[in-house]
Amino acid sequence: MIDEAKMRDLLEGERADAQALIARLTQGIDEVSAAREGDNSDDEHDPEGATLAFERSQAATLLEQSENRLTEIAEAVDRLAVGTFGTCIDCGKPIAEARLEARPYAAKCVDCAARG
């Protein structure tokens, strides 16, 4: 039996972590963009331009992943509310408690997640 209070606490911790990461990434992207603003150099020919473009790209990817994680967390909270938390959304089998402790927003069992 899943301890719903424990899962809510884990989800809240995950949500707080994701929001903090989103704030840091957004600030970092803004700082990199501000540093390049007004600079007429060409990223392609500027030795540092490629590095800055790469850093912006990496941060943007991490930001997108963090925003997706926040959505998954909200969906897990919804599943808790309707009583379907801990049940795989694909096969309907229970999700292992160890998986939920490691990734409380998991919507699929290990087998279904491995299939994609």
Side-chain angles (χ1 to χ4, degrees):
M1 181 102 189
I2 293 173
D3 182 346
E4 287 188 26
K6 178 181 179 181
M7 289 298 128
R8 282 188 199 285
D9 288 345
L10 288 173
L11 287 166
E12 180 57 33
E14 290 282 341
R15 186 188 63 76
D17 290 347
Q19 288 176 327
L21 181 57
I22 287 168
R24 286 192 309 271
L25 289 167
T26 301
Q27 180 180 358
I29 290 169
D30 291 346
E31 287 173 359
V32 169
S33 296
R36 295 294 288 180
E37 199 169 291
D39 187 357
N40 290 334
S41 63
D42 180 358
D43 277 359
E44 186 176 329
H45 297 99
D46 178 4
E48 288 188 32
T51 301
L52 292 173
F54 177 76
E55 287 177 13
R56 271 193 312 262
S57 175
Q58 289 291 97
T61 298
L62 290 172
L63 180 60
E64 182 180 348
Q65 290 172 347
S66 297
E67 289 168 342
N68 289 340
R69 183 170 134 214
L70 206 52
T71 299
E72 291 174 359
I73 292 165
E75 290 169 351
V77 170
D78 290 345
R79 287 192 301 277
L80 261 173
V82 298
T84 59
F85 183 86
T87 302
C88 179
I89 62 170
D90 280 356
C91 71
K93 293 180 182 174
I95 299 172
E97 192 168 341
R99 175 165 170 74
L100 291 172
E101 287 178 4
R103 186 181 175 129
Y105 50 92
K108 297 179 181 182
C109 67
V110 172
D111 290 339
C112 290
R115 282 186 282 238

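All values below were derived from every heavy atom in this structure, side-chain atoms included, with hydrogens, water molecules and symmetry-related copies excluded.
Looking at heavy atoms from C-beta onward, S66 lies in side-chain contact with L25 at the 4.5 angstrom threshold. With contacts defined as side-chain heavy-atom distances shorter than 4.5 Å, the pair M7/F85 qualifies.
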When the side chains of residues 105-116 are checked against the rest of the protein, which donor-acceptor pairs come out under 3.5 Å, sequence neighbours left out?
unit_1, atom_1, unit_2, atom_2, d
K108, NZ, D90, OD2, 3.4
K108, NZ, G116, O, 3.0

Quick one: side chains of residues 15-24, donor-acceptor pairs under 3.5 Å with protein atoms, not counting sequence neighbours, listed by atom name and distance.
unit_1, atom_1, unit_2, atom_2, d
R15, NE, E12, OE1, 3.1
R15, NE, E12, OE2, 3.4
R15, NH1, Q19, OE1, 2.5
R15, NH2, E12, OE1, 3.3
R15, NH2, E12, OE2, 2.3

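For Q58, the side chain to side chain donor-acceptor pair (under 3.5 Å) criterion is met by no residue, not counting sequence neighbours. Contacts of E101 classified as salt bridge (Lys or Arg N to Asp or Glu O under 4.0 Å), with partners at least two apart in sequence or in another chain: K6. Among residues two or more places apart in sequence or in another chain, the side chain to side chain donor-acceptor pair (under 3.5 Å) test is passed with K93 by none. Every residue meeting the side chain to side chain contact (heavy atoms under 4.5 Å, CB included) condition with T84, not counting sequence neighbours, appears here in chain and number order: R79, V82.
Atom CG of D30 sits about 11.5 Å away from atom CZ of R56, to the nearest 0.5 Å.
What you find for E14 and A102 is that their closest heavy atoms are OE2-O, 4.5 Å. In terms of heavy-atom proximity, L11 sits nearest to A76 at CD2-CB, 3.8 Å. Taking all atoms of both residues into account, the shortest heavy-atom contact from I29 to A59 is CG1-CB, 3.5 Å. Taking every heavy atom of both residues into account, L100 and I2 meet most closely at CD1-CD1, 3.6 Å.
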Test R103 against E72 for side chain to side chain contact (heavy atoms under 4.5 Å, CB included), laying out the working first. CA-CA 10 Å; R103 186 181 175 129; E72 291 174 359; 3.4 Å; yes
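Side-chain heavy atoms closer than 4.5 Å link hydrophobic residues (I, L, V, M, F, W, Y) into clusters, and following such links, possibly through other members, connects I95 to V77.
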